[in-house]
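Here's the structure we're looking at; comments come further down.
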Amino acid sequence: MKKILLILVIIACMFSAGCISNPYEDIDWPLTLVGADGTEKILSVSEIAALPSVSGHGYAVSTVGIKYGPYEITGVPLIELLNQVGGVHEGQTVHVSAADGYLWVFSYEQLMGEDLLCLDANLKEMKTPAKMTPILMYAADGKPYPYDDGGPLRMATMTAEPDVITEGSLWVKWVDRIEVHG
Amino acid sequence: MKKSLFTAVVLLVLLIFLCSGCIAGEKTVVKVVPAGSLLLPLEEIEQEYEALHPEIDIQIEGHGSIQAIRQVTDLNRPIDLIVVADASLIPDMMYREGPVGVNYTDWYTPFARNEMVLAFTPESAYADEITRDNWYEILARDEVKVGFSNPTLDASGYRALIMMMLAEEQLNLPGLFNTVIGDSFKPALMVNKTENGSILELPVLMQPESGSKVTIRDSSLFLLNLLESGGIDYAFDYKSVAIGQGLRYVELPAEINLGDEAFAENYDNATVYLGFQRFATIGNKRTGLPIVYAVTIPYNAPEPEEAEKFLAFMLAAFSEGGEGYPAPL
């Protein structure tokens with residue numbers, strides 16, 4: 001009887017653990033961070049999701065005017081993520097590359113939320129909102145970011161205010177390597 | 001009697017279904033991925049084609065030319081037609097073996113050409129003074145603001161730089177490139193003049209100094225919005241785009257405007273190296289070439305027969321031309 005009870009308790013624990021388990025645990029997508037001095041660190045999506053995160057609004061537009069979003073996005077500010085490999089400083093650049101062979105380069109100022117363009121619903125330039133934060137996004141609208149949309153890890157520009165459209169060129173899909181140069 | 005009545009009712013219901021919207025959901029989709037500068041004419045062509053062929057749904061998804069090709073070569077998406085603003089990209093990027101052992105494509109059809117112009121509005125500084133003969137003097141004035149697309153993202157961006165490099169050489173205007181563009185960067189962009197022509201190596205970050213003469217935006221869409229709102233006075237862009245947007249423009253000499261095959265050897269004298277290699281599948285060297293549009297059907301087109309029919313219709317429409325269409329070849 002005790003044995004059966006024990007088994008039932010274990011099963012109950014497994015079920016309850018499953019219900020609240022980390023949804024990023026099974027995602028096989030290692031991210032390589034490389035610091036300016038060559039320090040390398042590999043993080044899983046689950047480890048990234050366990051870091052202090054931020055949430056806000058995300059809304060992008062492609063170079064030909066296709067809008068993506070708006071979403072409620074969650075991720076780790078890139079400037080903070082890079083502290084894992086020594087940080088990034090003024091005058092340095094950050095090269096974000098993707099599994100599909102794509103590369104984009106960010107300036108230090110952009111990671112600090114400067115030199116970023118934002119647009120209104122008619123794609124006219126508007127005054128930059130108080131806070132814009134380039135993040136490595138792993139969730140949108142409360143769910144892990146899907147592969148078909150560029151997940152599980154995608155660069156995004158998070159804004160504190162809603163309905164602010166940002167440049168899609170910075171929203172690198174399928175990010176798998178981030179290097180600090182300079 | 002009852003049986004024949006039942007059969008008649010069934011046939012009537014079937015007929016109503018076929019004639020009604022029930023078959024609308026079964027349209028054959030033809031997926032077309034064109035360069036951004038073709039979106040305006042292609043939307044018109046799409047509407048005309050669908051009116052003639054209600055069973056076909058032409059779906060258009062614009063990208064930059066390189067990104068358009070990458071949808072097939074790097075992302076393995078099933079696309080029926082690829083239409084680009086630089087014919088040379090198709091052999092460069094698609095004449096190679098794909099995942100099933102055949103080339104992504106083995107052919108392309110060039111069908112239109114374009115040229116670089118200076119687009120402006122009636123509110124632009126010296127709008128009533130600028131002409132084909134004095135445009136470089138106007139651009140060189142301190143208070144005049146100019147803009148172009150980011151050369152790393154948009155072919156019209158590196159074509160603007162190539163055009164200005166050619167202007168300095170071909171029109172014998174020493175210092176023009178730096179006065180209008182190069183000096184707005186820190187350090188200044190420097191054109192290296194060699195036996196093989198002019199070479200410009202761009203920095204990793206294309207960021208002009210704040211408050212300088214030059215503004216860069218991701219693409220024509222944002223650049224021309226900025227022009228229309230008065231943020232800049234003149235934008236380097238394609239002639240068809242300027243016309244399509246209802247903007248005024250100055251035509252530039254054929255020796256430098258990248259629009260005339262007869263000057264292809266001249267154009268070849270200017271080369272831009274982008275600051276970094278954005279795509280693993282294509283390098284960062286861009287040399288001056290006549291601007292020629294081309295189309296192909298990739299090996300994995302889901303509807304190759306319908307794609308061919310739409311292609312024939314599209315080519316006929318471009319050969320006829322229209323407002324905002326690049327000129328037929």
Side-chain angles (χ1 to χ4, degrees), chain A residues 60-68 88 90-112 114-128 147-150 155 157 165-174 176-177 179-182, chain B residues 33-40 42-43 60-68 70-71 73-77 149-150 152-157 202-208 210 215-232 274-282 284:
Chain A
V61 61
S62 76
T63 52
V64 297
I66 302 170
K67 292 176 192 165
Y68 300 94
V88 55
E90 199 168 350
Q92 294 179 321
T93 54
V94 174
H95 294 227
V96 177
S97 47
D100 67 333
Y102 188 92
L103 169 74
W104 193 252
V105 179
F106 292 77
S107 66
Y108 171 79
E109 288 74 18
Q110 286 175 322
L111 296 197
M112 297 299 286
E114 299 161 16
D115 293 340
L116 298 167
L117 192 68
C118 52
L119 308 151
D120 65 18
N122 299 315
L123 303 183
K124 306 289 181 200
E125 291 184 23
M126 56 192 284
K127 204 177 151 193
T128 305
Y147 180 83
D148 286 350
D149 292 344
M155 281 302 303
T157 307
I165 301 175
T166 60
E167 296 160 290
S169 57
L170 307 183
W171 287 52
V172 181
K173 295 176 174 179
W174 303 299
D176 66 356
R177 188 178 180 87
E179 298 175 3
V180 181
H181 286 221
Chain B
V33 177
S37 55
L38 291 172
L39 282 175
L40 196 87
L42 273 173
E43 277 169 20
I60 294 177
E61 178 185 312
H63 287 279
S65 293
I66 292 173
Q67 279 286 47
R70 286 183 78 242
Q71 302 303 309
T73 58
D74 294 5
L75 305 180
N76 295 312
R77 290 183 60 200
S149 297
N150 188 333
T152 314
L153 288 165
D154 187 345
S156 84
L202 297 179
V204 172
L205 298 166
M206 279 297 285
Q207 288 179 330
S210 174
T215 301
I216 294 177
R217 289 291 177 262
D218 276 5
S219 67
S220 283
L221 177 72
F222 309 122
L223 186 70
L224 298 185
N225 277 347
L226 186 66
L227 175 66
E228 287 176 316
S229 67
I232 52 174
L274 305 176
F276 61 91
Q277 192 174 339
R278 184 179 167 215
F279 306 106
T281 41
I282 185 164
N284 62 343

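All values below were derived from every heavy atom in this structure, side-chain atoms included, with hydrogens, water molecules and symmetry-related copies excluded.
Most heavy-atom pairs under 4.5 Å with chain A, from the set B:Asp74, B:Thr152, B:Leu153, B:Leu39: that is B:Leu153. Residue with the most contacts toward chain A among B:His63, B:Gln277, B:Gln207: B:Gln207 (heavy-atom pairs, distance under 4.5 Å).
If you measure heavy-atom distances from A:Glu109 to chain B, you find no contacts under 4.5 Å at all. Proximity to chain B (any heavy atom under 4.5 Å) is shown, for A:Leu123, by both the backbone and the side chain. Contact annotation for B:Asn150: only side-chain heavy atoms (C-beta onward) come within less than 4.5 Å of a heavy atom of chain A. Using a 4.5 Å cut-off between heavy atoms, B:Phe279 contacts chain A through both its backbone and its side chain.
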Go through the steps for B:Leu205 and A:Phe106 under the test side chain to side chain contact (heavy atoms under 4.5 Å, CB included), then give the verdict.
-> CA-CA 8 Å; B:Leu205 298 166; A:Phe106 292 77; over 6 Å; no
Give the intermediate values and the outcome of side chain to side chain contact (heavy atoms under 4.5 Å, CB included) for residues B:Leu75 and A:Trp174.
-> CA-CA 11 Å; B:Leu75 305 180; A:Trp174 303 299; 3.7 Å; yes
Stepwise, does the side chain to side chain contact (heavy atoms under 4.5 Å, CB included) test hold for A:Leu103 with B:Arg278?
-> CA-CA 5 Å; A:Leu103 169 74; B:Arg278 184 179 167 215; 5.6 Å; no
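We find the CD-OG distance between A:Glu167 and B:Ser219 to be 9.5 Å, quoted to the nearest 0.5 Å.
Among all heavy-atom pairs drawn from B:Phe222 and A:Val61, the shortest one is CZ-CG1, 3.7 Å. The two residues B:Gly62 and A:Val64 make their nearest non-hydrogen contact at O-CG2, 3.1 Å. Of all non-hydrogen atoms in A:Thr63 and B:Leu221, the two that sit nearest each other are O-CB, 3.8 Å.
At a threshold of 4.5 Å between non-hydrogen side-chain atoms, the residues B:Phe276 and A:Thr93 do not count as touching.
If you check the side chains of A:Ser169 and B:Asp218, you find a donor sitting under 3.5 Å from an acceptor.
Side chain of B:Arg70 to backbone of A:Asp100: a donor-acceptor contact under 3.5 angstrom is found.
Ion pairing between B:Arg217 and A:Glu125 holds under the 4.0 Å rule for side-chain N and carboxylate O.
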